[in-house]
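Have a look at the structure below, then the notes.
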Amino acid sequence: AISILRVCSSGSGKRTAMRNTDTFEYRSAWANRGWNTMVNWIILANVVVHVIKQFALSPMAVYQILGLTPRLVFTKGYVWQPVTYMFLHDGFMHLFFNMLMTWVFGNAIEAYWGPRRFLKYFIACGLGGAAFSTIFTFGGPPVIGASGAVFGLYIAQAMIFPESYVYLLYPVRVKYVVIFLAVLQLVMGIAGHTGVAFFAHLGGMAAGLLFFRKEIRASRFWIRLKTA
């Protein structure tokens, strides 16, 4: 998790190896977006599911049905769980932070891609989180939350707008923040810390990188790596 007050463009107008964003005005993505955006529909869906869970006669039953329990997916055919888990959250702060990050990063990404591509990417990263949770925490408790998809948004932000920056104690390039987050999730996951789905976060990031595989192969870093 990172504390972000706002996300801004560096204003450099540079042509990046990953994406040409010269013709895309980053700040305009925040202006006059209106209500009918995919980001807002995703947030609304998460809020609705949270309200239903709060008023359910048995919230634990909701966790068992909609949360991701890999064992149930394979033994009882709960094949919907790799999708539904990303719309289910534990408490208000869990929901609030994930939706805040979806809104902060998602608006510019959706404005750049369009709603359909954005939704495909968001779901793909959530599925990546489900895949990693299945591989690394198969027998664990139910996994819930949109964090896997949100960590995928961090990857998209770094790939599309690598020169943008976030405010922590001081401005930091988003690409460096994302690298730090990836290393932190890996260390915490290997260390066996419980209560947070670190491997779901890594799965979301891995799915995001897979989504950008063509851009990565075309990057100068990758070309230098192959010719080294």
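Panel note: side chain Lys53, backbone Val62; no donor-acceptor pair is recorded below 3.5 Å. Remark: the backbone N or O of Asn46 is not paired with any side-chain donor or acceptor of His50 at under 3.5 angstrom. Using a distance-only test at 3.5 Å, with no hydrogens or angles considered, a donor-acceptor pair links the side chain of Asn107 to the main chain of Trp103. Judged by distance alone, with hydrogens and angles left aside, the side-chain atoms of Arg71 form no donor-acceptor pair with the main-chain N or O of Gly139 at under 3.5 Å. Between the side chain of Tyr78 and the backbone N or O of Gly67 there is no donor-acceptor pair closer than 3.5 Å. The backbone N or O of Gln64 lies less than 3.5 Å from a partner atom in the side chain of Gln81, making a donor-acceptor pair.
Using a cutoff of 4.0 Å between basic side-chain nitrogens and carboxylate oxygens, Glu110 and Arg117 are not scored as salt-bridged.
Under a 4.5 Å side-chain heavy-atom criterion applied to ILVMFWY residues, the cluster that includes Leu210 comprises that residue alone.
Only one option out of Leu66, Ile144, Leu68 pairs with Thr84 in a side-chain contact (heavy atoms from CB on, under 4.5 Å); it is Leu66.
Phe151 is not connected to Leu186 by any chain of hydrophobic side-chain contacts under 4.5 Å among Ile, Leu, Val, Met, Phe, Trp and Tyr, and they are in different clusters. Residue Leu100 is grouped with residue Leu95 when hydrophobic side chains (ILVMFWY) are merged at heavy-atom distances under 4.5 angstrom, including chains of intermediate members. With hydrophobic clusters built from ILVMFWY side chains whose heavy atoms lie under 4.5 angstrom apart, Val47 shares a cluster with Phe92. The cluster map of Ile, Leu, Val, Met, Phe, Trp and Tyr, joined by side-chain heavy atoms under 4.5 Å apart, puts Phe96 and Val49 in the same cluster. Linking Ile, Leu, Val, Met, Phe, Trp and Tyr residues whenever their side-chain heavy atoms come within less than 4.5 Å leaves Val187 and Leu181 in two separate clusters.
When ring centroids are compared, Phe87 and Trp80 stay outside the 6.0 Å threshold. With ring centers used as reference points, Phe136 lies under 6.0 Å from Phe199.
Between Phe180 and Val172 there is no side-chain heavy-atom pair separated by less than 4.5 Å. Pro82 is listed as a side-chain neighbour of Val73, based on a closest heavy-atom distance under 4.5 Å. Contact of the Ile109 side chain with the Val39 side chain is not registered, since no non-hydrogen atoms from C-beta on lie closer than 4.5 Å. For the pair Ser164 and Arg173, the minimum side-chain heavy-atom distance is 4.5 Å or more. Using a 4.5 Å heavy-atom cutoff, the side chains of Tyr85 and Thr69 are not in contact. Here the side chains of Glu163 and Lys175 are in contact, with some heavy-atom distance below 4.5 Å. Residues Val196 and Met188 have side chains not in contact (no heavy-atom distance under 4.5 Å, counting atoms from C-beta outward). Residues Phe74 and Val79 fail the side-chain proximity criterion, which asks for heavy atoms closer than 4.5 Å.
Ring pair Phe211/Trp113 is tilted by interplanar angle, where 30° to 60° counts as tilted.
Within a 6.0 Å radius of CZ in Phe138, other residues, nucleotides and ligands contribute more than 12 heavy atoms.
By the side chain to side chain contact (heavy atoms under 4.5 Å, CB included) test, Val178 pairs with Tyr154, Ile155, Ala158, Val174, Met205, sequence neighbours left out.
Across all non-hydrogen atoms, the minimal contact from Phe132 to Ala206 is CZ-CB, 3.8 Å. Minimum interatomic distance between Met86 and Leu127 (heavy atoms only, all atoms of both residues): CE-N, 3.9 Å. Nearest heavy atom pair, residue Ala207 against residue Cys125, reads CB-CA, 3.8 Å. Looking at every heavy atom in both residues, Phe122 comes nearest to Ala146 through CZ-CB, 4.4 Å.
With rounding to the nearest 0.5 Å, the separation of CD1 in Ile123 from NZ in Lys120 is 12.0 Å.
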(message) side chain to side chain contact (heavy atoms under 4.5 Å, CB included) for Phe118 and Tyr112? Distances and angles first, verdict last.
(response) CA-CA 9 Å; Phe118 176 81; Tyr112 185 73; over 6 Å; no

(request) Please assess Phe198 against Leu184 for the test side chain to side chain contact (heavy atoms under 4.5 Å, CB included), listing each intermediate value before the final yes or no. (result) CA-CA 9 Å; Phe198 295 109; Leu184 179 63; over 6 Å; no

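Sorted by first and then second residue, the pairs that involve residues 139-152 and meet side chain to side chain donor-acceptor pair (under 3.5 Å), not counting sequence neighbours, are Asn98-Ser147.
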